[in-house]
Undergrad: 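Okay, here's the structure, questions in a sec.
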Amino acid sequence: MLYLSTRGHPERKKFCDILLEGLAPDGGLYLPEQYPQIDDAHLGRLRTILQTQGYAALAFEVLSLFIDDIPSDDLRALCNKTYTEAVFGTKEIVPLRPLGEGLLVEALSNGPTLAFKDMAMQLLGNLFEYELARRGEELNIFGATSGDTGSAAEYAMRGKRGVRVFMTSPHGRMSPFQQAQMFSLMDENIHNIAIEGVFDDCQDLVKAVSNDLEFKAKFKIGTVNSINWARLLAQVVYYFAGYLQATTSNSQKVSFTVPSGNFGNICAGHVARMMGLPIDTLVVATNENDVLDEFFKTGVYRVRGSTDTHETSSPSMDISKASNFERFVFDLLGRDANTTRDLFSTQISKNGRFDLSQHPRFALAAQKFGFVSGKSSHADRLRTIQSVYAQHHEMIDTHTADGVKVAREYVKPGIPMVVLETALPIKFAETIQEALGQSPTCPDKFVGIELLPKRVHVMQADVAQIKIYIALHCESA
Ligand SMILES: *Cc1c(COP(=O)(O)O)cnc(C)c1O
């Protein structure tokens, strides 16, 4: 299995070479040269494997179709170590539960940080440790977070040999629960840096450090952002697990609704569908930041400026552009790398937008690739949380509520609609309080987390100071 760039760079790479990288050298995103195909007999075998051996064994089967440069026994051991009941809370890892009206919820948020990013990040932590040890290398992850990604990365990398994490966040701006989650980590290799400023200041610091190629090479600076192919690949597995749990026969179809921001989660669904998993429809659900809904409705993709990006009550979907979207557009255009490059590098940087409404392949987004979309507002979110609570006495988080709202618009008779649960309500307690007049219950392992001692270094948004801090902590460990 070799990987190519969506912008046409001639080089082909193996999985472990792109594992530790971000963008391809031409600025494109990596995709496999072809999607491995799953026929009926193969899907039957996967059904038996999930039933008899569980999620980790299914993960191994799916991942090994894309990874041929890690010996099978090692890859199987990495999957077994990652997907355990102890880490993900249930034996099923991603159990389904009914929510009425043809809807099912797939629980992806019972990992260490109570958001679906753990599903991929936990595997990434183990893959990084394995590959760095094999190469005798080290990696220093330098990132910016406003919440979910940073904490998922820290919980995945804590205590891992060969990896350090330097995570910046806007000082005092994350929810108390999120601050407690990140800052209570006492592991030597985890460094929390609270920046006097807003999230954009943190991102600017990351960009400035990444643009200093000499510093970046000397201190082996890397990232774990959502364009990483290994993260996306790990997410493909739970589409298989969701499908297999929702059906008893391979002749049945299932649809998925995905609360979306950077298009990473639903892009994994697209990959599963391209492999032949019988997915009927992939429903993109956005919040008020509706870049993606606008594209699927009109064919126009328009990147938003920062003043045009709304702060919402489903904050992990507050994006101005969808960083994984280029992968889908490449497939939509019949893998035409020249056009993909023109759209994403020329037209976006010149005009901030492109328009495929007149392109003969735009209609295929729905017809051939099964994509539809919808959006949800703060009022929709509150109403959905209320109606689910009234009907099922169950609390859902704000992002999942955006999914349920849009999913209800696309249910077809006879086809189960699986909504991906991307976080637990306790992470967004304020909005739950607003909707229901009561706070969500806190899972046992998080009771009292706000009271734990905190380990965080507060700094100004000063590139020189940050570099000194990183250099100092790279040498001492
Ligand atoms: C990251 C995140 C999303 C968006 O996922 P993408 O892969 O960026 O589309 C949705 N909900 C929650 C809770 C998240 O943390």
Side-chain angles (χ1 to χ4, degrees), residues 29 105-122 124 143-156 174-175 177-178 181-182 199 224-236 238-239 256-272 282-293 295-296 309 312-328 371 373-376 381 384-385 395-407 419-429 431-432 440:
L29 304 185
V105 174
E106 184 171 0
L108 304 179
S109 305
N110 297 308
T113 72
L114 307 182
F116 88 99
K117 292 192 172 67
D118 291 328
M119 291 301 306
M121 209 72 93
Q122 287 288 316
L124 201 69
T145 190
S146 53
D148 280 348
T149 311
S151 58
E154 291 189 353
Y155 277 79
M174 288 192 299
S175 76
F177 187 83
Q178 285 175 320
Q181 268 191 323
M182 286 179 61
F199 176 61
V224 286
N225 47 30
S226 80
I227 54 145
N228 181 291
W229 167 255
R231 270 182 73 179
L232 205 137
L233 179 56
Q235 294 169 353
V236 173
Y238 57 68
Y239 284 88
F256 287 90
T257 299
V258 187
S260 292
N262 276 318
F263 205 76
N265 196 350
I266 200 160
C267 194
H270 164 69
V271 172
L282 287 165
V283 185
V284 181
T286 74
N287 64 15
E288 290 88 335
N289 296 291
D290 58 353
V291 190
L292 291 166
D293 183 43
F295 174 78
F296 285 102
T309 306
T312 75
S313 47
S314 46
S316 300
M317 292 154 65
D318 292 350
I319 49 108
S320 52
K321 62 179 177 54
S323 53
N324 273 288
F325 186 53
E326 182 170 337
R327 288 192 159 109
F328 171 69
F371 274 91
S373 69
K375 68 185 275 191
S376 165
R381 207 166 290 133
T384 308
I385 291 168
M395 291 187 193
I396 54 171
D397 104 285
T398 54
H399 307 76
T400 310
D402 289 336
V404 169
K405 188 268 176 183
V406 176
V419 180
L420 300 186
E421 180 177 53
T422 57
L424 291 196
I426 186 70
K427 295 198 82 167
F428 305 96
T431 307
I432 306 298

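Both ligands and their constituent atoms are indexed starting at 1 by order of listing. Note that the coordinates shown come from a computational prediction; the quantities given were computed from them, not determined experimentally.
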Undergrad: Is it true that Glu326 and Lys321 make a salt bridge, defined as a side-chain N closer than 4.0 Å to a carboxylate O?
TA: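 Between Lys321 and Glu326 there is no salt bridge, as every charged N stays at least 4.0 Å from the carboxylate O atoms.
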Undergrad: Can a side-chain donor-acceptor contact be found between Asn289 and Ser320 if the only test is distance below 3.5 angstrom?
TA: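 There is no such pair (donor and acceptor under 3.5 Å, judged by atom type) between the side chains of Ser320 and Asn289.
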Undergrad: Parallel, tilted or perpendicular, judged at 30° and 60°: which one describes the rings of Phe295 and Phe325?
TA: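 Rings of Phe295 and Phe325: perpendicular, as their planes differ by over 60°.
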Undergrad: Strictly under 4.0 angstrom, heavy-atom based: which residues surround ligand 1?
TA: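 These residues qualify: Phe116, Lys117, Asp148, Pro259, Ser260, Gly261, Asn262, Phe263, Gly264, Asn265, Ser316, Met317, His399, Thr422, Ala423.
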Undergrad: Over 60° means perpendicular and under 30° means parallel, so classify the ring planes of Phe263 and Phe328, tilted if in between.
TA: tilted
Undergrad: Indicate yes or no for a side-chain donor-acceptor contact from Ser376 to the backbone of Asp402 under 3.5 Å, with no hydrogens or angles considered.
TA: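 Side chain of Ser376 to backbone of Asp402, a donor-acceptor pair under 3.5 Å: no, none is there.
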Undergrad: Output yes when a side-chain donor or acceptor of Thr257 lies under 3.5 Å from a complementary backbone atom of Val283, and no otherwise.
TA: no
